[in-house]
S.K.: 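Can you keep this structure in mind? I'll have questions shortly.
All chains are named by letter (A, B, ...) in the order of the sequence lines, taking the proteins before the strands, and each is independently numbered beginning at 1.
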Protein chains: 2
Amino acid sequence: MDGTLLGLGGKTLSEAVQDPNAYVSACPTRQALDRIADKWTVLVLGLLEGGPMRFNQLRREIEGISQKMLSQTLKSLERDGLVSRRAFATVPVTVEYSITPLGATLAQTLVPLRVWAETHITRMLEARAAYDRAGDDRMADERTADAA
Amino acid sequence: MDGTLLGLGGKTLSEAVQDPNAYVSACPTRQALDRIADKWTVLVLGLLEGGPMRFNQLRREIEGISQKMLSQTLKSLERDGLVSRRAFATVPVTVEYSITPLGATLAQTLVPLRVWAETHITRMLEARAAYDRAGDDRMADERTADAA
DNA sequence: CAGAATAGGTTTCTAATGGTGACTTGATGC
DNA sequence: GCATCAAGTCACCATTAGAAACCTATTCTG
């Protein structure tokens, strides 16, 4: 083993990390991007930014998230050092999730994303409706062409 | 039909859009978030921000994307009015994708995300390694407990 | 003239992921 | 003695992502 990884253009992992480029598939940055570009991550970190929260509290706030996805999301956020988990030996057991300093820096960059979604949604819905109307025409054209 | 949608707390769609909240599952903002919080979207918009590009040009730049995912991503970006597509009747046909003004505003908010991934990846990898080491111990403990 | 290449896709098949709902554990109130 | 709470897990099915082949039309290469 010479420490060289396939797909990094002959670079070692540490060299690749010194020249990070999300457009290179083997670059670890790609993993990071894949990890954080996720609906539930954005919503969970958005809530934890306001202070620690408990499991079912998060579940109630994030309408539509399943227990499975929440525990999965929290587990991988914890693994990546973005949130921390503390369990209290109460009855029933209480678990508190809070954001780490690292997670807080990510949460900062995620805010504009949520804001963009909330402010530009109407423009997107309009564009979508227009596209779908045009699509109906296209399909009608195709049916006419087929019949001919 | 009174224009009321289920899950919006008795609000009409237009009322929900006036009070957007990504934490409400039926809010269209959630769709927008789900749409834009995507690895390929981040990478494609990041490239188109620098000027129009052609299909295979994008494919070559974004290492690891399949033709299917690229055409799918571009199609839904076009549907949502974030990129525009122009085909030229050359031989073989040439197709040029460019970012729309709306897409440009989104691309702006996506830059910090890519930058975060590129600058914090080492911290994440460290945290992950530490977590996995601890996990090995946990599993060893469980095996010991099982044997007892 | 056969075969390859090029551009921009679509189709097909499989592997991984996401969501649903039932189940767990242990104490506590009814 | 039964239901409830918290914080999950488990088994199952539906959707999706990814890999690889194929398509159409034209031109280039041997």
S.K.: Can you see which heavy atom on A/Met69 is nearest to which on A/Ile65, and at what distance?
M.R.: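 The answer is CB-CG1, 4.0 Å.
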S.K.: For A/Arg114 and B/Ala22, which heavy atoms make the closest approach, and how far apart are they?
M.R.: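 That would be CG-CB, 4.0 Å.
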S.K.: Just jot down the side chain to side chain donor-acceptor pair (under 3.5 Å) partners of A/Arg123, sequence neighbours excluded, or say none.
M.R.: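 Here no residue qualifies.
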S.K.: Could you state the atom-to-atom distance from CG of A/Asn56 to P of D/dT4 in whole Å?
M.R.: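 Roughly 15 Å, once rounded to whole Å.
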S.K.: Counting any heavy atom closer than 4.0 Å, what does B/Arg59 reach on the DNA or RNA strands: base, sugar-phosphate only, or nothing?
M.R.: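 The residue B/Arg59 makes no contact with any strand.
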S.K.: Which residues in residues 34-52 of chain B have a heavy atom closer than 4.0 Å to any atom of DNA chain D?
M.R.: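 Only B/Lys39, B/Trp40 qualify.
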S.K.: Under 4.5 Å between side-chain heavy atoms, counting indirect links through other Ile/Leu/Val/Met/Phe/Trp/Tyr residues: same cluster for B/Ile99 and B/Leu47 or not?
M.R.: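 Per the 4.5 Å side-chain linkage, B/Ile99 and B/Leu47 are co-clustered.
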S.K.: Show every ring-ring contact (aromatic ring centres under 6.0 Å, His included) that has at least one partner inside residues 82-118 of chain B, sequence neighbours left out.
M.R.: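 For residues 82-118 of chain B, and leaving out neighbouring residues, the ring-ring contact (aromatic ring centres under 6.0 Å, His included) pairs sorted by first residue read B/Trp116-B/His120.
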S.K.: Between protein and nucleotides 20-30 of chain D, map the contacts as a letter string: B base, S sugar-phosphate only, - none, heavy atoms under 4.0 Å, written 5' to 3'.
M.R.: -B----S----
S.K.: Once rounded to the nearest 0.5 Å, what's the spacing between atom CG of A/Leu70 and atom CG of A/Leu74?
M.R.: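 So the CG of A/Leu70 and the CG of A/Leu74 are separated by 4.5 Å.
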S.K.: Search all heavy atoms of A/Glu63 against all heavy atoms of B/Ala26 and return the closest pair with its distance.
M.R.: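 Scanning both residues completely, I find the closest heavy atoms to be OE1-N, 4.3 Å.
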S.K.: Compare side-chain N and O positions of A/Tyr97 against OP1 and OP2 of D/dG8 and report whether any pair is under 4.0 Å apart.
M.R.: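 Looking at the OP1 and OP2 atoms of D/dG8, one of them is under 4.0 Å from a side-chain N or O of A/Tyr97.
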S.K.: Contact list please: residues 69-89 of chain A against DNA chain D, heavy atoms, distance less than 4.0 Å, in numerical order.
M.R.: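 Within this stretch, A/Ser71, A/Lys75, A/Arg85 sit under 4.0 Å of the strand.
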S.K.: I need the CD1-C1' distance between B/Ile65 and D/dA19, as an integer number of Å.
M.R.: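 The distance from CD1 of B/Ile65 to C1' of D/dA19 comes to 14 Å, rounded to the nearest Å.
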S.K.: Does any donor atom in the side chain of B/Ser98 or B/Ser84 lie under 3.5 Å from an acceptor atom in the other side chain?
M.R.: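 Their side chains do contain a donor-acceptor pair, which is all the 3.5 Å distance test asks for.
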S.K.: Could you check whether A/Thr90 gets within reach of a base, just the sugar-phosphate, or nothing at all, counting any heavy atom under 4.0 Å?
M.R.: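 Nothing: the residue A/Thr90, judged by heavy atoms under 4.0 Å, touches no strand.
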S.K.: Please round to the nearest 0.5 Å and tell me the distance separating atom CZ of A/Arg85 and atom NZ of A/Lys75.
M.R.: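 If I round to the nearest 0.5 Å, the distance is 8.5 Å.
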S.K.: Between A/Ala117 and B/Leu33, what is the shortest heavy-atom contact and its length?
M.R.: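 Smallest interatomic distance, heavy atoms only, reads CB-N, 4.2 Å.
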S.K.: Under the 4.5 Å side-chain heavy-atom rule for ILVMFWY, direct or indirect, which residues accompany A/Val111?
M.R.: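 A/Val115, listed by chain and number.
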S.K.: Over how many whole Å does the gap from A/Glu63 atom CD to C/dG19 atom P extend?
M.R.: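 Taking CD of A/Glu63 and P of C/dG19, I get 15 Å after rounding.
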S.K.: Expressed in angstrom and rounded to an integer, what is the separation of B/Arg60 atom CZ from C/dG8 atom C1'?
M.R.: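 Spelled out: CZ on B/Arg60 to C1' on C/dG8 is 12 Å.
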